[in-house]
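For reference, the structure is listed below as structure tokens.
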Amino acid sequence: MAEKVVLIDGNSIAYRAFFALPLLNNDKGVYTNAVYGFTTMLLKILEEDQPDHLLVAFDAGKTTFRHKTYTEYKGGRQKTPSELSEQFPVLKELLDAFGVKYYQLDQYEADDIIGTLATQAGDKGLDVKVISGDKDLLQLVSDNITVSLTKKGITNVDTYDPAFLLEKMEVRPDQVIDLKALMGDSSDNIPGVPGVGEKTAVKLLKQFDKLEKVYENLDEVSGKKLKEKLESNQDEAFMSKELVTIDRQSPIEVTLEDLAFPGYETQKVTEFFKELGFQSLLSRVQGEAGNDEAAELPDIDIEVVENINSEMFTGQEALVVEMLYDNYHQAPIEGIAIVNDTKKYVLSIEDASKSDEFKQWAEDTNKEKWVFDAKGTVVALLRYGIHVQGITFDLLLASYLINPAENNHDIPAISHRMGENAVKYDEEVYGKGAKMKRPDDDDVFYTHIGRKAQMVYQLKASAEEQLKQNEQFELYKELEMPLALILGQMEHRGVLLDVDRLQGMGDELEGRLETVQAEIYELAGETFNLNSPKQLGPILFEKLELPVIKKTKTGYSTSADVLEQLEEKHEIIPKILLYRQLGKLKSTYIEGLLKVVHEDTNKIHTRFNQALTQTGRLSSIDPNLQNIPIRLEEGRKIRQAFVPSKEGWVMFASDYSQIELRVLAHIAKDEKLMAAFKEGQDIHTQTASEVFGVDKDDVTSDMRRQAKAVNFGIVYGISDYGLSQSLGISRKEAQAFIDKYFESYPGVKEYMEDTVREAKRTGYVTTFMNRRRYLPDITSRNFNKRSFAERTAMNSPIQGSAADVIKKAMIDLDQKLKEDQFQARMLLQVHDELILEAPEEEVEKLKEVVASVMEHTLELNVPLEVDYSYGPTWYDAK
DNA sequence: GTCTCCACGC
DNA sequence: GACGTACGTGGAGACA
């Protein structure tokens, strides 16, 4: 890819920022709004464009060569307010901190500097991006020069390439100057031709192409008045053209090479931000990867150990088991780093796995191990016959609990967030994508993992301190940590897949898909790629002329809800829906699962991500076993391929009934809702009866369906819009439902209001076990952001507390199964249900044990209810 | 490789 | 009236 050059019009952006933002000042009383705005824009460019060359150009002084042509150039402009002009020196300091070059040239404007450099770089075939608020710069647009103009605010831009320019302004880049010459520009005091505005100018240019031609062919101009005006202002027009023409050969003394931008040093920028009081921007540089290469890390003293002996261990060490790939069920262990208060060791997995001393230490419950990702560490080493015990600290889980909104929870990112800089990002050491590999130099590799272990060792104290401060230590230590080990066992154990059965279903689907596909092609009158919405769209909405219901950014929407509305209109529609349904089953579930099944054991080993969701739920990847079909019979049959791993065993599934609504009843202490659960009412019927104001016996199935959707909406925190979509009603009607719901359950309403109020006060919401979710947008002036945050505030405690409940139940159940010496064991968790496998003969006792553990793991002020079932396959456990 | 669209579960 | 609307994962196509 061509190198990227970014040229910023410094004055223009500073002006924009100044006027777009309120007049902020920092604690020293210095105005910083323009600098702040400029910085947000700069950070965005660095993140998104990653320029190889970067320059900020400024205007120099009052007079320019243009004033010789026209003394009134830029006349009548308001003087730059002192609140802004005093920010320019600060802005330049900021650029110095970033290591970004800036330049100004006597008698020239920023435009000319940019024009000259852009032209040079463009000629060399580099990729150029110009950033400004000044439309004049659009004349620079070409195949490899884009110009981004600020819209509202500062970071919001329109990026013009020749096509977009033509679309927006109806001119080519070279016509921009003709356009300005004709219409003038009051802000620069450029006269143009009085009486000619944008419309007329565009019209003239369309007809005559350029200014010179307009005057050569004045006779052909339509309209007497216009002709006169053009005639009498010819000099002004040509002078205007000269004024707005950017000098692309200004005598600049900088070259492209001078503009090389290697990235900034986090340290310097951080310091400067702190000085200016830009607290909110700190996280954007600290989490930034790969920019502090310049600051070489100090060497650390690492001992590469081949002969492991028990003397090495103090009983409190950080342990890092390094793999290059994230699937720890398969990824080879590249090395092991161990750090304690005196030493740093690294070992190869070969040496470690054949060492009795290592195994002894690893499996000794009394020898503390501090790790990053207990689950991955344990599972990876299990493959080498080592069952790690004694893990007392997990940096990954700690970091996740402290703030689930951070999306990067690897050791370097956490370290940087916690103010430690002594470790590189993996990408720097390993590269990324296809080029990712272990460094050829072992020293580099061992140093890297040694540093990681060092970080784990070092950060334990402050991470635990933070958890305690947040009153989350129990959540961490008694819930998530033990759960990690249980999940690890579940993953490692795996679920047996009936591969032949799945294969058989695949073959059958294959045949049916071919048939349906042929029918669709027949009805469409042509063949096309049925999996491509882009190709399907035109067939349905142009060729077959079906009514367009919804559009997407890129074309016609062909989503299921759209197609369902067209079902009656053409017989091709139901076939497409069927094709989609079967195709999904085949590609995602049949082929997808077969792809990841372990070839020796026929088992599937998912990974539960315990440090991802914002609410505290788990997620499942590689494969995702939390979205195996159930709703439609056709898909549900996939579950027949999930079978017990032993002869004479059964699959046993147990799920909470309405756990979220029960949690809601508990938290909100709503009398009616609590009563309904205590009495064992059907909650959807109950809600329908309340919302529609009819007797429970008079609730129709349609009322119940709608009430169910409302309950669903409450649980998931959807908006009136969301509810309107799911019920196919108007937004007003949906809102009416929601209002009615709150009227019916005043306790719920009160809870919702309290929660939002509390979230506004503290900035976060919590669950039963003190899991947190921060909601910075809850005080946003932006209605959408704020509304979303408010719904999140209402919903997260419900969903998150339900997650707490089932997680705790898993710990209790694991304990109980061990205690009572069950052979039965957990395999999967799907948010509100647990799937186990068990010997047939344990089933009777299991029913009772599982249900009672799940129901009583936490006592709420409504009963928790658990349903269970079992059978020879997961399908039968329904 | 990354984005978009679509579809599956809770 | 804004403007994009519960949380996730994954497959396929399109584009670079």
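Numbers restart at 1 for each chain; the letters A, B, ... are given by sequence-line order, proteins then strands. Computation of the quantities below employed the complete heavy-atom set of this structure, encompassing side-chain atoms and omitting hydrogens, waters and symmetry-equivalent molecules. Since this is a predicted model, take the numbers as computed values, not measurements.
Residue pairs that meet the ring pair (Phe, Tyr, Trp, His ring centres under 6.0 Å) test with at least one member in residues 614-640 of chain A, sequence neighbours left out, do not exist here. Within the structure, every pair that satisfies the ring pair (Phe, Tyr, Trp, His ring centres under 6.0 Å) test and touches residues 770-796 of chain A, not counting sequence neighbours, is listed here: Y764(A)-Y774(A).
Taking atom C1' on both nucleotides, dC8(B) is separated from dA2(C) by 33 Å, rounded to a whole Å. Taking atom P in both dT4(B) and dG4(C), one finds a spacing of 13 Å when rounded to whole Å. Taking atom C1' on both dG1(C) and dT5(C), the two are 16 Å apart, rounded to the nearest angstrom. With C1' as the reference atom, dG9(B) and dA6(C) are 13 Å apart, rounded to whole Å.
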N/O donor-acceptor pairs under 3.5 Å from side chains in residues 557-564 of chain A, not counting sequence neighbours:
from: S557(A); atom 1: OG; to: S559(A); atom 2: N; distance (Å): 3.3
from: S557(A); atom 1: OG; to: S559(A); atom 2: OG; distance (Å): 3.2
from: T558(A); atom 1: OG1; to: R580(A); atom 2: NH2; distance (Å): 2.7
from: S559(A); atom 1: OG; to: D561(A); atom 2: OD1; distance (Å): 2.7

Map every base of DNA chain C to its dot-bracket character, where paired means a Watson-Crick or G-U wobble contact with both distances under 3.5 Å and | marks a partner outside the strand.
......|||||||||.
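At the heavy-atom level, R786(A) lies nowhere under 4.0 Å from the strands shown. Across all strands shown, N529(A) has heavy atoms under 4.0 Å from sugar-phosphate atoms exclusively, and none from any base. Counting any heavy atom pair closer than 4.0 Å across all strands shown, S796(A) reaches no nucleic acid atom. D720(A) comes within contact range of no nucleotide atom at all, as no heavy-atom separation falls under 4.0 Å. Counting non-hydrogen atoms under 4.0 angstrom, S719(A) reaches a base of the nucleic acid. Nucleic acid contact class of N795(A) (heavy atoms, under 4.0 Å, all strands): none.
The aromatic rings of Y556(A) and F541(A) lie tilted to each other, with the angle between the two planes from 30° to 60°.
In terms of position on DNA chain C, the residue among Q799(A) and F783(A) whose nearest nucleotide sits closer to the 5' end is F783(A). Between Q535(A) and Q614(A), it is Q614(A) whose nearest contact on DNA chain C lies nearer the 5' terminus.
Annotation: ring-ring contact (aromatic ring centres under 6.0 Å, His included) contacts of F642(A) (sequence neighbours excluded): W874(A). Remark: Y870(A) pairs with no residue by the ring-ring contact (aromatic ring centres under 6.0 Å, His included) rule, at least two apart or across chains. The ring-ring contact (aromatic ring centres under 6.0 Å, His included) search around H831(A) returns none, not counting sequence neighbours. Contacts of E634(A) classified as salt bridge (charged side-chain N to carboxylate O under 4.0 Å, His left out), with partners at least two apart in sequence or in another chain: R512(A). For the side-chain hydrogen bond (donor to acceptor under 3.5 Å, both in side chains) test, no residue two or more places apart in sequence or in another chain qualifies with S726(A). The ring-ring contact (aromatic ring centres under 6.0 Å, His included) test applied to Y579(A) returns no partner, not counting sequence neighbours.
Between E733(A) and S730(A), the side chains place a donor N or O and an acceptor N or O closer than 3.5 Å (distance only, hydrogens not considered).
For F712(A) and Y716(A), the ring centers sit closer than 6.0 Å to each other.
Using a 4.0 Å cutoff to heavy atoms of chain A, the contacted part of DNA chain C runs 5' to 3' from dA2(C) to dC15(C).
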Scan nucleotides 5-10 of chain B nucleotide by nucleotide, 5' to 3', and note B when protein non-hydrogen atoms come under 4.0 Å of the base, S if they reach only the sugar-phosphate, - if neither.
SSBBSB
